[in-house]
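Here's the structure, in C-alpha cells; my notes come after.
Just the heavy atoms: all of them, side chains too, but no hydrogens, waters or symmetry mates, feed the values below. Chain letters run A, B, ... following the sequence lines, proteins first and then strands; every chain starts at 1.
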Amino acid sequence: MSTAPQPKQGTRPVAIVSFAQAPTQRRIEQANEVELLMPVISEVYAQANMTKDDVDFVCSGSTDYLIGGPFSFVTALDAVGVWPPKRESHVEMDAAWALYESWVQLQEGDLDVALVYGFGKSSLGDLQRILALQLDPYTMAPLWPDQVSLAALQAQAMIDRGLATEEDFAGVASRSRRDAMNNPNAQVANDLDVATLLKEEYIASPLRRHCVPPLSDGAAAMILVAGDRAFDVVDRPAWITGIDHRIEAHAFGVRDLATSPSTTKAAHMAGVGEGDVDVAEIHAPFAHQEILLASALGLSSATTLNPSGGPLAANPLMAGGLIRFGEAANRIMDGTASRAVAHATSGPILQQNLVAVLEAAS
Amino acid sequence: MSDALETQDPVTMLSTPIRLDYDFTAGVAQSRSLRGYAEGRFVGQRCPVCKKVYVPSRGSCPVDAVPTKEEVVLPNTATVTTFCVVNVPFAGQSIEIPYITASILLDGADITFMGLIQGIPADEVRMGLRVEAVWVPKEELGPTLASVKYFQPTGEPDREISTFREHL
Amino acid sequence: MAEPTEVYTSTHVLEYPYSRSVGPVIGAFLTGLREGKIVGIRGENGRVIVPPTEYDPETGAETSGFVDVGPGGVIETWAWVEHPRDDAPRSTPFAWALVRLDGADTALLHVVDAASKDEVTTGARVTAHFLDEGERQGRIQDLCCFQLEETS
Ligand SMILES: [Zn+2]
C-alpha cells in the first residue's frame, strides 16, 4: 500500500484528488456566476464520490470588479451548499491562492477535506480598465495603462537583455495553441507556425496578438484531502510535496522586469530542483512570460511545458492559476507524470508567484 | 535638496474618478423571474431535494447545492413577516414618508423579498399582515421588480407568527 | 425541464468619484509636478526612488529627504502602441515607457511622444514635457509626456 510522501512545508501531506473546469468561452451569457459554478462543483464532488457534507472547509478566489457588483463571492456561495454552517473563506486573488489558504488550513489537523474554486468573467466589463485598478492609484492608474502594454514593457526588457526574441514568443504561442487542440476546455486552439504568427500586427510592440491571452469566461473547482484518506478517493492522488508563495514590489518601476526573483525563491523553497520535473503548468498569460518563468523556476528542456495549452489557450481571470494546479494534478492522477510543477501569478507584471511541486506516491 | 515642501499651498488631495462600463447577464434562473415580472406574475424555482421554493431564484438551492430547475408560478398573495417604518428622507426618494418597507413571503414561497406596503396607515402595519401585490398597468410591465407597484392589505385575518417563524 | 430561456442582459455603469488624501510624500511629488518639476525621495542605501513613497518599496525601510530629479532621463524599456485605446493618454500612436530620470535609481511609468516606433529605443535620452503652468493641477497628467532629446 502507498503512503503519502512527507511534504517539505508543513507537517501534513495534502493531495489534490479531483479537479473540474467549465469549458472556457469568450462570453458565457447563459449562466450567472452561480449557474457557471454549479456544474463544475457537482463534477468535482462526483469525481471524488463525495457530497457537500464531506467538505470541512470552502475557499474561493474571485474579484467583484469583474462582475461590477459588490460581494459577488457571497452570492456565488449559493452554488456550494454551506449549510449547516461551514468554515469558509475567500481571497480577492486567483483561486490558486484559495488553494494555498486551504492547504494552510488543512495543516491545522482538525480538517481533512477542502473545496477550492474560482470564477471569473472577462466578458462583462472592460478587463484592461479593471486591471488598471490594481496599479498605484496616485501616479499610475490615472494614466489607465492597459495590461498588454505593461506586459510588453517586460517583453522588451527581455529582448534588450538577449533573453528571448519575437520568434521565441511566437514559438510559445504556436506550441500552446497546437497543444490546446487536445484540450476540450480550451478557447483558442489552432495549428499555426511561427512564420505565420509573425505576420500578425503588434497590439503593443513587441507583443503581437498571438502573444496575448484570450479574454475568457470560466470557472474551476478542486478538492483537497489531507492524509492517507486521499488514497480512498483516487488511485494516484497528486500530493503537494512543496508549496511556497513570494512577492515583489508592487511598484514595478523598482524591479528588474526581465527576471522573476520571487518565482526563483518560491521554486527553491518548494523544492522544484530536487528531482526531475515531467510536466510544468505555468501561469504565464503572455507568451514571453512562459520563457521568463520556466527559467526562473529552473526547469530544464526535459520538462513538458503547459501541455493543456496554458493561459494562451484559455485565461479565465481568477481561475486561470487554479487551472494550472488542476491540469498539473491531472497529469499525476492520470499517470502521465510522476512529478509536476504548478505555478500561479497575481498582481501587475508577475508581482506575486505561487509555486508547488506535485508528486505521485512512490 | 528639493524645496517642493516649502510651497505655501502643497497638494493634499487627488481626485481619481473611475468609470467602469458593464454588459451584465442575468443568467437563466434570474431571467425566468424577470420574464415573470414582465408578464405580471411571480416565478420561482423549487429545490428537488428539500422542496423549498426560491423567488427570485439564482438557479441553485443554497442549502443543498443542486440546480433548481422546476419552475413554480406563485400567487399574488403574501404575508408580511417583518417590516420597518421609513421616516428619514433621502436623496432620490420617490414616495412620501413615513412609508413601510416589509419582508414579503409569497404564499408557497420559502424565501422573503423586500416590498413596499401601501393602503394602510404606517402605525397599523404588523407582522403577519396579509397582503397582495398591486402591479403597474399592463402596458408598463417590464422585466423588473419595479413592475410590482406595492403590496396592499387583503383584509384576511393575520397569520400567526408561528406559521412563518422559520422565514424570519 | 423548462424550455430554453432567453437571457436578459443589461448595460450598467459603475462610477467611483474617489478623492484621495495623498499624504506628505506623494503630496510633495504632485506639488512638484504642479510646479513643473519631478521630485524623488531617498530610500535604503541612499538610492533615489521616483515616484517617491513613504517606504522603500523593496525593503520597507523608511524614506527621507526629497531630491529633485530629471527633467532628463533614459528609457529603460518601452512598448509602442499603434492603436491607442479610448482611455489612453494619447489618441495618436505613442510609447509607454519606464523612464529612469537623471538622479533617480528607479523608473517612472509614463508616455513617450514620438512620430513613429522607429524613433524609440531602449537607452534613448528623453526629457519631461509639462503642461503649461496654468493647466497644471498637481496630478500625474501634469507631466504630459517625455520627448526624445535631439541626438545631433
Ligand atoms: Zn434544497
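Listed for the C/T77 side chain is a donor-acceptor partner under 3.5 Å among the backbone atoms of A/L153.
Here the CZ-OG1 distance, from A/R255 to C/T106, works out to 12.5 Å after rounding to the nearest 0.5 Å. To the nearest 0.5 Å, the span separating NE2 on C/H110 from CG on A/L143 amounts to 5.0 Å. Taking CH2 of C/W78 as the reference point, atom OG of A/S149 lies at 12.0 Å (rounded to 0.5 Å). To the nearest 0.5 Å, atoms OG1 (C/T121) and CD (A/Q156) are separated by 9.5 Å. Here C/T53 contributes atom OG1 and A/D136 contributes atom CG; the two are 9.0 Å apart, rounded to the nearest 0.5 Å.
Of the listed residues A/P142, A/G69, A/A132, A/A251, the one with more heavy-atom pairs under 4.5 angstrom with chain C than any other is A/P142. Your options are C/R85, C/H83, C/E82, and the one with the most heavy-atom pairs under 4.5 Å with chain A is C/R85. Of the residues considered (A/A155, A/A31, A/P145), A/P145 shows the highest number of contacts with chain C, using heavy-atom pairs under 4.5 Å. The candidate with the highest count of non-hydrogen atom pairs below 4.5 Å against chain A, out of C/I140, C/I49, C/D105, is C/I140. For chain A, the option among C/D87, C/L30, C/V81 with the highest count of heavy-atom pairs below 4.5 Å is C/D87.
The environment of NE2 in A/H250 is crowded: more than 12 heavy-atom neighbours from other residues, nucleotides or ligands sit within 6.0 Å. For C/E135, the CD atom is densely surrounded, since the number of other residues' heavy atoms within 6.0 Å is greater than 12. Within a 6.0 Å sphere centred on OH of C/Y55, heavy atoms belonging to other residues, nucleotides or ligands number 12 at most. More than 12 heavy atoms of other shown residues, nucleotides or ligands fall within 6.0 angstrom of atom CZ in C/R125.
Residue C/P51 touches chain A through its side chain alone, counting heavy-atom pairs closer than 4.5 Å. With a 4.5 angstrom heavy-atom cutoff, C/A95 does not touch chain A via any of its atoms.
C/I26 and A/Y138 get closest at one heavy-atom pair: CD1-CD1, 3.4 Å. Taking all atoms of both residues into account, the shortest heavy-atom contact from A/G253 to C/L98 is CA-CD2, 4.2 Å. Closest heavy-atom contact between A/G68 and C/L14: O-CD1, 3.4 Å. Here the shortest heavy-atom pairing between A/A152 and C/A79 reads CB-CB, 3.4 Å.
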Check: residues 111-119 of chain C side-chain donor-acceptor pairs under 3.5 Å, at least two apart:
| unit_1 | atom_1 | unit_2 | atom_2 | d |
| --- | --- | --- | --- | --- |
| C/D113 | OD1 | C/R90 | NE | 3.2 |
| C/S116 | OG | C/D118 | N | 3.3 |
| C/E119 | OE1 | C/A115 | N | 3.3 |

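Counting only residues at least two apart or in different chains, side chain to side chain donor-acceptor pair (under 3.5 Å) contacts with residues 8-24 of chain C comprise B/T16-C/R20.
Residues of residues 195-210 of chain A placed with any heavy atom under 4.5 Å of a heavy atom in chain C are listed by number as A/E201, A/Y202, A/I203, A/A204, A/S205. Residues of residues 118-131 of chain A lying under 4.5 angstrom from chain C, judged on non-hydrogen atoms, are A/D126, A/Q128, A/R129 in numerical order.
The closest side-chain heavy-atom distance from A/T139 to C/F29 is below 4.5 Å.
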Stepwise side-chain contact (heavy atoms from CB on, under 4.5 Å) check, A/L150 with C/L109:
CA-CA 9 Å; A/L150 296 183; C/L109 177 74; 4.0 Å; yes
